Amino acid sequence: MSQLPSEIFKAYDIRGVVNKSLTADVVRRIGHSLGSLAIEQGQTAIAVGRDGRLSGPELAGALMDGICAAGVDAIDVGCVPTPVTYFAAYELGCHSCVSVTGSHNPPDYNGLKMVIGGTTLALEAIQDLKRRAESGNLKHGQGRHTSADVLGAYVEKIVGDVKLARPIKIVMDCGNGVAGAIAPELFKRLGCEIVPLYCEVDGNFPNHHPDPSKPENLADVIRALKETDAEIGIAFDGDGDRLGVVTKDGEIIYPDRQLMLFAADVLSRVPGGLIIYDVKCTRLLAPWIKQHGGVPLMWNTGHALVKAKLKETGAPLAGEMSGHTFFKERWYGFDDGLYTGARLLEILSRAADGNPVLKNLPNSPSTPELNIKMAEGEPFTLIDKLKAEGKFEGAEQIITIDGVRVEYTDGFGLARPSNTTPVVVLRFEADNNVALERIQTDFRQALSAVWPGIQLPF
């Protein structure tokens, strides 16, 4: 069997440029490999959904052909947000699913997020798919190709669970992503009045990139909040598994602060609960969780890795700085931007105005995510050198579960290798701007010492 392009097999999913590294033939072979794995794990069917990308129908078709070639049934759930595909695995009882999605990547990308037997594939399991396909270690059979509509059941499930104490008028930006196919209807059912932005699904993403973690992509939400009497703004990424939040006066409430709100709410019903968050999150989160009677746990970045930890520990809630939030309390434990938005509005609706609730959450000066662009493989080499040789004056603690996070009495700095693109991700936070500058200087010196000539974005 011929080799598959190694660059598409990422840490948490498969992702590549359509008709270059990611072709219909490559996806069909991956589908055959996935189907073979499913059989070994006693699974008989895999639900397949796709986001709104133009390449989705062809690639989803190829994937299902491959799954069926292994003797596993493929259930087409159509053009739906990734969390709806995850939901389908529960609703249809098949426990396995694949979302054909490029997430927040440019329009010429696509990819696969994969769950087999209730476990999200990541790291070595994804590399095993590649090896299996290349070695020809495949099962053969004739699976059935069927279809199912789970959108109605998904909406009913959320409407049955989430109750708003009062109506709220919101700005909703779907970024022309697949969330636009369902989010307006869902939030109207919950009792919201909506000012819609870019809710038409269009795989060209003609208005702005569907990534609410980047402030520039929330500019239209901020403008609409100024121009209308809407109370709050929400935005979804390209496949609907991440949420962005903006207050009436244009302040972006980043996901680690959103997690504070969710943690306080969940812990009111699950006292002593474990709350998981990734290494990029604010240092104000752990004391907040403890203050509200919970147990904080810092973990690796990556939706698949967080889901695995949540499953292992039975935690009721987890979240990432990137905007993936995982509710196990009252929900299924997968990342779901639409459900997260509903839970947010449920909490805010208990106050006469939700804005003070958000703005009163603890905050401190910080940087957004900063990236050092490097050649493939170099970020991991750099971080290994930083772990071994990095000098950080005045550090209180150095955490190395995922990169290098240096804790000081008055702030932290982080450098970690991205598992999806060849960059080193940096983030800094401190009690004040003077401390922030001092910590950044510390990192400048440490990074320059282990990698002379490095070009830094701060």
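In this text the structure is predicted, and so the values were computed from the model without any measurement.
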Which atom pair, heavy atoms only, marks the closest approach of [X] to [Y]?
X: D431; Y: T409; result: OD2-O, 4.3 Å
X: A179; Y: P184; result: O-CD, 4.0 Å
X: I116; Y: S96; result: CA-OG, 3.6 Å
X: T282; Y: F412; result: CA-CE2, 4.2 Å
X: N176; Y: P206; result: OD1-CD, 3.5 Å
X: K328; Y: A315; result: CB-O, 3.4 Å

*asked:* Please determine whether salt bridge (charged side-chain N to carboxylate O under 4.0 Å, His left out) holds for the pair K359 and D249, giving the CA-CA distance in whole Å, both sets of side-chain angles, and the decisive distance to 0.1 Å.
replied: CA-CA 10 Å; K359 294 186 74 66; D249 62 359; 3.0 Å; yes
Does a salt bridge link [X] with [Y], judged by any charged N lying under 4.0 Å from a carboxylate O?
X: K307; Y: D335; value: yes
X: E346; Y: K163; value: no
X: R350; Y: D265; value: yes
X: E231; Y: K248; value: no
X: K113; Y: D239; value: yes
X: E407; Y: R405; value: yes
X: R15; Y: E7; value: no
X: K280; Y: E320; value: no
X: D211; Y: R242; value: yes

Examine R438 relative to Y408 and say whether NZ or CZ is less than 6.0 Å from the centre of the six-membered ring and inside a 45° cone about the ring axis.
yes
Considering only heavy atoms from C-beta outward, does the side chain of [X] approach that of [Y] to under 4.5 Å?
X: I398; Y: V404; value: yes
X: E216; Y: H208; value: no
X: T301; Y: S322; value: no

Hey, can you pull the donor-acceptor pairs under 3.5 Å for the side chains in residues 377-390, sequence neighbours left out?
residue, atom, partner, partner atom, Å
E378, OE1, A375, N, 3.1
T381, OG1, G377, O, 3.3

Would you call the rings of [X] and [Y] parallel, tilted or perpendicular, taking 30° and 60° as the class edges?
X: W331; Y: Y154; result: perpendicular
X: F428; Y: F458; result: tilted
X: H303; Y: Y12; result: perpendicular
X: Y90; Y: Y332; result: tilted
X: F326; Y: H324; result: parallel

Would you find a donor on one side and an acceptor on the other, under 3.5 Å apart, between the side chain of [X] and the backbone of [Y]?
X: Q258; Y: I253; value: yes
X: T120; Y: A304; value: no
X: R50; Y: S99; value: no

Rounding to 0.5 Å, atoms CG (D278) and CG (D256) come to a distance of 8.5 Å
Given the options D241, T85, D13, D51, T101 meets side-chain hydrogen bond (donor to acceptor under 3.5 Å, both in side chains) only with D51
Tested for side-chain contact (heavy atoms from CB on, under 4.5 Å) against L370, the lone hit among V423, L414, V424, L426 is L426
Taking only distance into account, with no hydrogens and no angle test, what donor-acceptor pairs under 3.5 Å do side-chain atoms of residues 186-195 form with protein atoms, sequence neighbours excluded?
residue, atom, partner, partner atom, Å
R189, NH1, E156, OE2, 2.9
R189, NH2, E156, OE1, 3.2
R189, NH2, E156, OE2, 3.1

**Greater than 12 external heavy atoms within 6.0 Å of Y254's OH** = yes
- prompt: Is it the case that T441 and R444 place a side-chain donor and acceptor less than 3.5 Å from each other?
  reply: yes
- prompt: Are K311 and T119 close enough that a side-chain donor and a side-chain acceptor fall under 3.5 Å?
  reply: yes
Only pairs under 3.5 Å count here: list side-chain donor-acceptor contacts from residues 285-297, not counting sequence neighbours, and write none if there are none.
residue, atom, partner, partner atom, Å
W288, NE1, M260, O, 2.8
H292, ND1, W288, O, 2.9

